[in-house]
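Indexing begins at 1, ligand by ligand and atom by atom, following the structure's order. Nothing fancy with the numbering, it's 1 onward along the sequence.
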Amino acid sequence: MKYEEAETMLKKCAQDHVLAFWSKLSKDEKAALLSQIETIDPKSVKRCAQTLQNGSETPDSSKGKAPKVALLKGKALQEAVAVGEKELRQGKVAALLVAGGQGSRLGYDGPKGCYEIGPITNAPLFYFHARKILARSLRYGKSIPFYIMTSEMNDAATKKCFEDFNYFGLPKEDVFFFTQGMWPGMSKDGKILLDAPGHIFMSPDGHGGLLAALKRSGALADMKKRGIKSVFFFQVDNPLVEIADPAFIGYHVNEKSEYSLKLCAKRDPYEKVGVPMKFGEQYRMVEYSEMSKEQCERKDKSGKLYFLYGSPAIHVFDRAFLEREAAKAMPLHLAFKKIPSLDEKGKLVKPSEPNGYKFEKFIFDILPNAKKAAFLAFEQKEEFSPVKNAEGNDSPATCKADMQAKWRRWLEEAGVKVDAKLPVEIDPAYAVDASDILKNGICLGAE
Ligand code: UTP
């Protein structure tokens with residue numbers, strides 16, 4: 001892009017202040033700024049400024065009803081597993097990981113997936129995800145292609161981690177990295193913020209940026225070429241997730257669903273998780289912050305919470321549904337943050353209070369567009385223990401304890417007694433459940 005083109009484009013969307021320090025920039029800084037401007041879509045800038053004027057729309061959730069949530073047991077569970085296993089044997093299942101987040105609450109300097117979580121080996125979060133995918137693909141004799149969304153900030157470090165660990169045993173050609181988009185930050189009056197005279201402040205466009213990035217990168221086309229039907233979606237911070245779980249895949253296929261969600265009972269009425277609700281014939285994810293105290297505390301006839309189930313962001317999508325949705329624009333959500341930025345004189349100001357907006361898209365905003373959605377309950381202790389915070393709830397300490405408790409349950413089921421004081425770790429490629437331990441036997445090592 002040339003200077004004149006950048007100037008015309010920026011003027012059209014009332015953002016030409018971005019070039020205010022042009023004459024002071026070096027040749028390299030000028031080139032870098034132009035290539036940053038080139039990534040900006042003027043229509044999106046106008047949309048951001050407009051969203052800022054109108055505010056994020058928060059639809060009324062007071063009329064929402066609790067969805068019907070399936071609990072699979074006995075014969076129904078066996079049937080779902082059989083269908084899911086067939087899909088896996090036919091190579092129709094892909095794994096899709098969103099790992100572009102900044103992990104600011106954890107305060108870890110690097111991609112969260114590189115965070116060392118193995119209680120004995122200190123293996124990173126990526127290890128547990130990749131080895132589970134490897135185990136399932138070995139069990140069913142077909143590869144499960146693994147699509148990983150990164151962001152500009154962590155893409156190189158993520159790829160390096162996979163290289164360093166030799167792709168954790170996965171065939172390299174089955175791992176597909178793609179990068180999500182970035183949005184410029186804006187001041188309260190809708191002006192793009194600069195964090196250096198030749199640099200625009202930009203941040204990742206949220207996990208909903210997934211759809212545009214899947215399309216742009218060719219990942220969606222790759223899935224189609226490989227004959228993928230069901231796409232298992234998960235987040236980087238939960239090493240307990242049962243990736244490509246046959247029961248969930250089978251349930252999704254049996255229900256002819258386009259978007260299926262695993263849900264678990266909330267730990268308390270106010271737990272900070274999204275709650276899917278039914279409005280007429282459509283479903284929508286209602287964020288915890290949108291729910292009134294009455295909604296949170298509402299009980300059903302049996303005395304249980306009426307809105308009992310929350311979403312830990314474990315989904316199965318129909319590939320064709322993702323393709324349809326990738327062609328549409330998604331709603332933008334505003335986050336008011338402290339953004340270090342330049343004043344008119346070009347001096348960097350580090351604000352002590354929020355001063356600007358970041359824009360994010362959320363993947364669950366496509367839920368109302370699904371022709372059919374389905375909801376499956378699971379037990380939190382078995383499949384969900386995220387690493388969000390450095391300490392306290394949902395921290396590395398609670399996650400490691402939950403991982404080990406699960407492995408101990410498997411060992412006990414397989415008739416192995418383990419001293420409760422000893423640390424436990426199982427390579428997912430060795431066992432994805434207790435039945436593998438029975439089949440493969442166990443070798444107890446001493447530290
Ligand atoms: P979170 O909402 O927990 O955000 O992301 P985060 O960035 O990991 O952590 P904080 O809020 O800064 O502490 C949930 C999932 O969505 C991904 C994350 O990598 C994580 O797997 N994500 C989030 C993206 O891929 N891109 C984004 O822009 C945001």
Side-chain angles (χ1 to χ4, degrees), residues 39 44 48 95-115 117 124-126 128-130 146-155 157-159 161-162 176-185 201-214 216-217 219 231-241 243 261-262 271-274 285 287-289 310-315 317 322 330-339 354 357-366 383-396 398-399:
T39 65
S44 307
C48 289
L96 173 59
L97 167 65
V98 283
Q102 293 173 296
S104 41
R105 281 170 287 174
L106 182 62
Y108 172 67
D109 191 20
K112 216 194 236 184
C114 302
Y115 186 84
I117 199 69
L125 280 159
F126 283 137
F128 291 94
H129 301 321
F146 188 14
Y147 299 87
I148 303 166
M149 183 169 86
T150 63
S151 72
E152 225 172 69
M153 276 103 128
N154 68 18
D155 183 62
T158 300
K159 286 175 179 158
C161 180
F162 273 74
F176 193 117
F177 297 99
F178 63 104
T179 312
Q180 71 179 102
M182 304 282 282
W183 292 88
F201 171 86
M202 292 180 109
S203 60
D205 60 354
H207 44 63
L210 172 68
L211 288 180
L214 274 174
R216 193 172 53 236
S217 64
V231 181
F232 185 98
F233 167 102
F234 63 106
Q235 300 192 332
V236 73
D237 46 30
N238 176 27
L240 252 58
V241 60
I243 304 167
L261 296 91
K262 264 198 185 181
E271 189 176 347
K272 293 181 172 180
V273 286
M285 191 71 76
E287 290 189 72
Y288 63 87
S289 52
S311 167
I314 302 172
H315 311 314
F317 295 109
L322 291 179
M330 294 181 77
L332 294 178
H333 297 259
L334 299 177
F336 196 37
K337 299 270 176 183
K338 293 181 211 164
I339 303 179
Y357 290 89
K358 291 182 179 179
F359 298 85
E360 282 192 323
K361 297 180 273 185
F362 298 153
I363 188 64
F364 49 72
D365 277 335
I366 63 175
E383 298 178 46
F384 186 57
S385 182
V387 181
K388 296 279 184 202
N389 310 308
E391 280 170 4
N393 253 352
D394 296 340
S395 64
T398 55
C399 180

For [atom], what's the nearest protein heavy-atom neighbour? Residue, atom name and distance, please.
{"atom": "atom 5 (O) of ligand 1", "value": "Lys388 NZ, 4.3 Å"}
{"atom": "atom 21 (O) of ligand 1", "value": "Val98 O, 2.6 Å"}
{"atom": "atom 26 (N) of ligand 1", "value": "Gln180 OE1, 2.7 Å"}
{"atom": "atom 16 (O) of ligand 1", "value": "His207 CD2, 3.6 Å"}
{"atom": "atom 12 (O) of ligand 1", "value": "Ser104 OG, 2.5 Å"}
{"atom": "atom 25 (O) of ligand 1", "value": "Gly100 N, 2.8 Å"}

Shortest heavy-atom approach to atom 2 (O) of ligand 1 - which of Gln235, Met153, Arg105, Lys112: Arg105
Nearest-option assignment for atom 29 (C) of ligand 1, heavy atoms, candidates Ser151, Ala335, Ser203, Gly101: Gly101
Less than 4.5 Å apart, any side-chain heavy atom of [X] and any of [Y]?
{"X": "Arg105", "Y": "Asp394", "value": "no"}
{"X": "Trp183", "Y": "Glu360", "value": "no"}
{"X": "Phe364", "Y": "Ser311", "value": "no"}
{"X": "Cys399", "Y": "Ile117", "value": "yes"}
{"X": "Lys388", "Y": "Lys272", "value": "no"}

Subset of ligand 1 atoms that lie under 4.0 Å from at least one heavy atom of Met149: 25 (O)
Enumerate the atoms of ligand 1 whose separation from the nearest heavy atom of Gln102 is less than 4.0 angstrom. 7 (O)
For this output row, return yes or no: ring centroids of Tyr147 and Phe178 closer than 6.0 angstrom. no
Is the ring centre of His207 less than 6.0 Å from the ring centre of Phe362? yes
Under 3.5 Å between some N or O of ligand 1 and some N or O of Asp205? no
Classify the ring geometry between Phe146 and Phe234 as parallel (under 30°), tilted (30 to 60°) or perpendicular (over 60°). parallel
So is Gly103 in contact with ligand 1, going by heavy-atom distances below 4.0 Å? yes
Using a 4.0 Å heavy-atom cut-off, say whether Ala99 meets ligand 1 through its side chain, its backbone, both or neither. backbone
For residues Pro331 and Asp365, report the shortest heavy-atom separation together with the two atoms involved. CG-OD2, 3.7 Å
